[in-house]
Amino acid sequence: MFSAFTALSASAASSAVPPRGRGVARLAAVTAASGLLAAGALVGAGPAAAEEAPQHRGGATATLGGLQTYDQAVVHENGSSQQVPAGLFEMAVEDGGTLQTYCVDIHNPTQKDARYQETPWSGTSLNGNRDAGRIRWILQHSYPQVNDLAALAKKAGATSLTEQTAAAGTQVAIWRYSDGAHVDAVDPQAEKLADYLHKSARAGVEPKASLTLEPPAVSGRAGERLGPVTVRTDAEAVTVTPPADSVASGVKVVGKDGKPVKSAGDGSRLYFDVPKDAPDGSAALSVQASTTVPVGRAFTSETRSQTQILAGSSESTVSATATADWADKGAIPALSAEKNCAKGGVDITASNNGDAPFTFRLMGFKHTIKAGTSQTVTIPLQEDQPYDFTITGPNGVQKRFKGVLDCRTEGGALDNKAQPASEPSPASAGGTSGGADLAETGSSGNTPLIAGIAVGFVLLGGAAVFFLRTKKDPTQTRR
């Protein structure tokens, strides 16, 4: 039986300071939660060399380029009004491709050059939003999916539309459903489009991911085929890349027939074929494809940068990774993580395909996964909570999980002193920070106070409640 220590860190220095104009009370509450989780870091964080365990379930990864096609809108709240830019963002996909997105988190700013990853709705503010499907309908029936602007204007009862006013009207309609915002387009024709889309939208379903591997982590004994790992994709085919040291280790990626696999399709089952004499270790396989990402897929960042929803995609590169751990005997855990906005936390799933229990500790609570079973531990976090923790397994294997919990849109961001912004900034366009200058992000006159509160709560420490779900491991090893 093996023991593991988990360290969590969430100090004020590791996250962007909330935008100016937020109440000190809310800042204190968020920082308080950060301090509770940061208490574990005082004991000793996992080493920097810890391998990052699967958390991003695959798909497109892109860098935000900024607001490209936009006009103006006015947000009304608590007796105040603020003018904000509204329209299409552009993102550059890693290894090739371009995405166009609208935001679904009006009160948060964007961070310049933020890195975004394709994410299920369950890991975003769209989780539990009964109107999320209507947002997808808007995306499918407006610009840029509909690029005949004359026809779109006619349907909306508008005289004419430009790309800028069409983008603004579409964004305004989306905000009304994503944030429940009282927002209007400044341009009368854009406002007519927004009203048409808002009133016409019909319920829809979440689009499937462009590419994922399920599950993202498997384990078993040397000499076995570990898996299966199932490919889920809308691409015609994916390229399969074996572990980097496959020649030296002898580990191969094979199909259910035991033959090496270089390409696969939707539903294909992949296995890690580990030699019987292989020393205890781990390996990773990756799959990659070129496809158009489905309209309506959400994108989130590991920084505090507003959630985006896909409006258009060029042919883009998408990828996913799965890992395998093996040993000759004892506990053999497979670890993965996923944000769970329904429970307000991060699910850590640990399956154990060994012949002995696997025990780990999480914030002072001990959990044991019996041989042949799987258990999910939900780590409850506060909204905006950064997390960074490591679980240590047998043979010194360490898996690291990090990110930011961003599950809710935030109302009440405007204050009575809010003033219209004169120019949008790629660092904040589309977000209402509540200050006179929408371009200001990452700084505040309250910063010393926030830092002081964070330090205080780090010293206090705290406890957390964990929700456990135990089940028979669905990924039993196969010979």
Side-chain angles (χ1 to χ4, degrees), residues 2 4 6-8 46 50-59 61 117-120 122-124 209 211-220 226-233 243 253 269-272 281-287 300 302 319-327 331-343 345-354 358-362 367-381 387-395 397-405 466-477:
F2 295 84
T6 302
L8 296 92
E51 175 189 355
E52 287 199 27
Q55 184 169 356
H56 174 225
R57 293 302 177 96
T61 299
Q117 295 177 326
E118 187 178 339
T119 305
S122 61
T124 74
L211 176 61
T212 60
L213 291 174
E214 301 174 355
V218 295
S219 64
L226 312 184
V229 174
T230 304
V231 178
R232 301 295 183 194
T233 184
V253 178
R269 293 187 172 189
L270 306 177
Y271 299 81
F272 291 83
S282 62
L285 70 84
S286 61
V287 294
T300 59
E302 289 185 357
S319 60
T321 300
T323 62
D325 288 89
W326 63 85
I332 316 174
L335 300 166
S336 62
E338 188 171 27
K339 293 179 184 178
N340 184 341
C341 285
K343 287 187 177 293
V346 175
D347 284 346
I348 304 298
T349 299
S351 60
N352 179 12
N353 281 323
F358 169 59
T359 298
F360 65 96
R361 294 182 181 274
L362 208 55
H367 306 288
T368 298
I369 296 90
K370 296 179 180 179
T373 65
S374 177
Q375 189 175 84
T376 297
V377 179
T378 301
I379 306 174
L381 302 173
Y387 57 91
D388 187 351
F389 55 93
T390 297
I391 296 178
T392 301
N395 305 308
V397 173
Q398 295 176 322
K399 304 291 185 179
R400 184 181 182 185
F401 306 90
K402 64 179 181 178
V404 174
L405 190 72
F466 300 94
F467 306 95
L468 305 180
R469 298 193 300 276
T470 304
K471 61 185 179 180
K472 187 70 176 179
D473 184 7
T475 58
Q476 296 295 323
T477 56

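Nothing fancy with the numbering, it's 1 onward along the sequence. This one's a predicted model, so the numbers in the text were calculated from it and none came from an experiment.
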With rounding to the nearest 0.5 angstrom, report the [atom1] to [atom2] distance, [X] to [Y].
X: T390; Y: K399; atom1: OG1; atom2: NZ; value: 11.5 Å
X: S319; Y: E118; atom1: OG; atom2: CD; value: 10.0 Å
X: L405; Y: C341; atom1: CG; atom2: SG; value: 5.5 Å

Are side-chain heavy atoms of [X] and [Y] found at a separation under 4.5 Å?
X: V231; Y: L211; result: yes
X: T376; Y: I348; result: no
X: P333; Y: S219; result: no
X: V218; Y: Y271; result: no
X: L213; Y: L285; result: yes
X: T349; Y: S374; result: yes
X: F401; Y: I379; result: no
X: I369; Y: F360; result: yes

What closest approach, in Å, do [X] and [Y] show between heavy atoms, and which atom pair accounts for it?
X: A322; Y: V229; result: CB-CG1, 3.9 Å
X: K370; Y: T373; result: O-OG1, 2.7 Å
X: P120; Y: E338; result: CG-OE2, 4.0 Å
X: P228; Y: R269; result: CB-CB, 3.9 Å
X: N352; Y: F358; result: ND2-N, 3.4 Å
X: Q375; Y: H367; result: OE1-CB, 3.7 Å

Scan side-chain atoms only and decide if T119 and T300 contain a donor-acceptor pair under the 3.5 Å cut-off. yes

Review point. Would T368 and T359 count as having a side-chain donor-acceptor pair, cut-off 3.5 Å?
Key: yes

| request: Decide side chain to side chain contact (heavy atoms under 4.5 Å, CB included) for N353 and L226; before the verdict, give the C-alpha distance in whole Å, the side-chain angles of both, and the deciding distance to 0.1 Å. | output: CA-CA 10 Å; N353 281 323; L226 312 184; over 6 Å; no

Note to self: Main chain of A334, side chain of D325: is a donor-acceptor contact present, judged purely on distance under 3.5 Å?
What the structure shows: no

